[in-house]
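A note on names: the letters A, B, ... follow the listed sequences, proteins ahead of strands, and every chain is numbered from 1. A quick note: this is a predicted structure, and the numbers were derived from the prediction, not measured.
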Amino acid sequence: MPRKRRRAQALADDNSKEMDGALIEREKDSATSKYFKDKMTRLLSDFYNKSCIELAKSFLGQILVRRLPDGTELRGRIVETESYLGGEDEASHSRGGKQTERNVAMFMKPGTIYVYQIYGVYFCMNVSSQGDGAAVLLRSIEPIEGLDTMRTFRNVRRSEQSKPLKDKELCNGPSKLCQAFAFEKSFDRRDLATDKSAWLEAGSSILEEDIASCARIGIGNAGEWTHKPLRFYIKDNKYVSVRNKAAETGVPCLSVITAFQADK
DNA sequence: CATCTGATGTGCT
DNA sequence: GCACATCAGATGA
């Protein structure tokens, strides 16, 4: 195993220890804890009261924070999400309402993190929402703090002589953001609302007119669900993985309304 | 820019 | 066996 991979593995192994360590650190600083508690109040009510689509939209503009074992904090603003609605959604891992070892987190309480491995190599991170088997996939993040660390994590799978990553390439994709923030399998089934290594902070709220809605990415053959506008991103934002000019300029189409009804 | 390919674990048929 | 909510690197226009 190359040295870079070993380092990443060591980091993964650290995660259980890290939970306890970070807990102690943050409990020590009660002012800090209160700050986060206040900041998260609104976001917590979002987890519990919003539909999957509403949650996917309200995540836009919020700050995702990752605290590493050494105390380093990584921050970024969520700019792109996707809704996976549950049983009826043919593109969802929870299609047919089927619960498996892999996807149980999707059926757990809103705010539960669902991390799965894809193509044997990468991870994707979701947050469970209201609705049986429904979850929001985090697709792209605008990095704010800890960019050097993110770049180091992202370089693990890249060759030494390849061009340095631009800031906008650090987290512009679901597996890229997992690499940059060191989210992996051990985060599966953990609670984003109470976890000591990952949490949300209130950022800016995004106006409906500044949100683009269009088809989700990478879902091949899911029938009518393939084209439903369940991907949401901040218009004109350069940190988004794939932009869709039509979705940024056009008025919301009929299928948006249809998808809304499907979510209720 | 578009399109192709290899990497490769795990869930599911 | 096969598909997969992906990415990096290569190749050709």
Spatial distance of atom CG (A/Leu74) from atom CG (A/Leu68) [nearest 0.5 Å]: 4.5 Å

Distance (rounded to the nearest 0.5 Å) between A/Glu184 CD and A/Met125 CE: 11.0 Å

How would you label the contact of [X] with the nucleic acid (heavy atoms, under 4.0 Å): base, sugar-phosphate, or nothing?
X	answer
A/Met125	nothing
A/Arg102	sugar-phosphate
A/Glu82	nothing
A/Leu137	base
A/Lys185	nothing
A/Asn126	base

Nearest whole angstrom, please: distance from the [atom2] of [N] to the [atom1] of [X].
X	N	atom1	atom2	result
A/Gln179	C/dC7	CD	P	8 Å
A/Arg216	C/dA5	CZ	P	10 Å
A/Leu177	C/dC7	CG	C1'	13 Å
A/Tyr119	C/dC7	OH	P	10 Å
A/Gln161	C/dG9	CD	P	8 Å
A/Arg157	B/dT8	CZ	C1'	9 Å
A/Phe153	C/dA8	CZ	P	16 Å
A/Tyr116	B/dC12	OH	P	13 Å

N/O (side chain, [X]) to phosphate O (OP1/OP2, [N]) under 4.0 Å:
X	N	answer
A/Arg158	C/dG9	yes
A/Ser159	C/dG9	yes
A/Arg154	C/dA8	yes
A/His93	C/dA5	yes
A/Lys176	C/dA5	no
A/Arg231	C/dA5	no

Candidate nucleotides [options], ranked by approach to the side chain of [X] - the nearest:
X	options	answer
A/Thr100	B/dG9, B/dC12, C/dC7	B/dC12
A/Ile219	B/dA7, C/dA5, C/dG9	C/dA5
A/Lys98	B/dT13, C/dA5, C/dT6	B/dT13
A/Ser92	B/dG9, B/dG11, C/dA5	C/dA5

Taking every non-hydrogen atom, the tightest pair across A/Thr81 and A/Ala56: OG1-O, 2.8 Å

Exercise: identify the closest heavy-atom pair between A/Ser92 and A/Gly133: OG-O, 4.2 Å

Is_stacked (A/Tyr122, C/dT6) at 5.5 Å, 30 deg: no

Near-parallel close stack of A/Tyr84 and C/dA5 base (under 5.5 Å, under 30°): yes

Sidechain N-carboxylate O distance under 4.0 Å for A/Arg154, A/Glu169: no

Residue mapping more 5' on DNA chain C - nearest nucleotide basis, A/Tyr114 or A/Glu169: A/Tyr114

Exercise: do A/Tyr233 and A/Glu248 side chains pair donor with acceptor under 3.5 Å: yes

Identified pairing partner of B/dC1, criterion: Watson-Crick or G-U wobble below 3.5 Å: C/dG12

Plane angle bin for A/Phe187 and A/Phe183 - parallel if under 30°, tilted between 30 and 60°, otherwise perpendicular: perpendicular

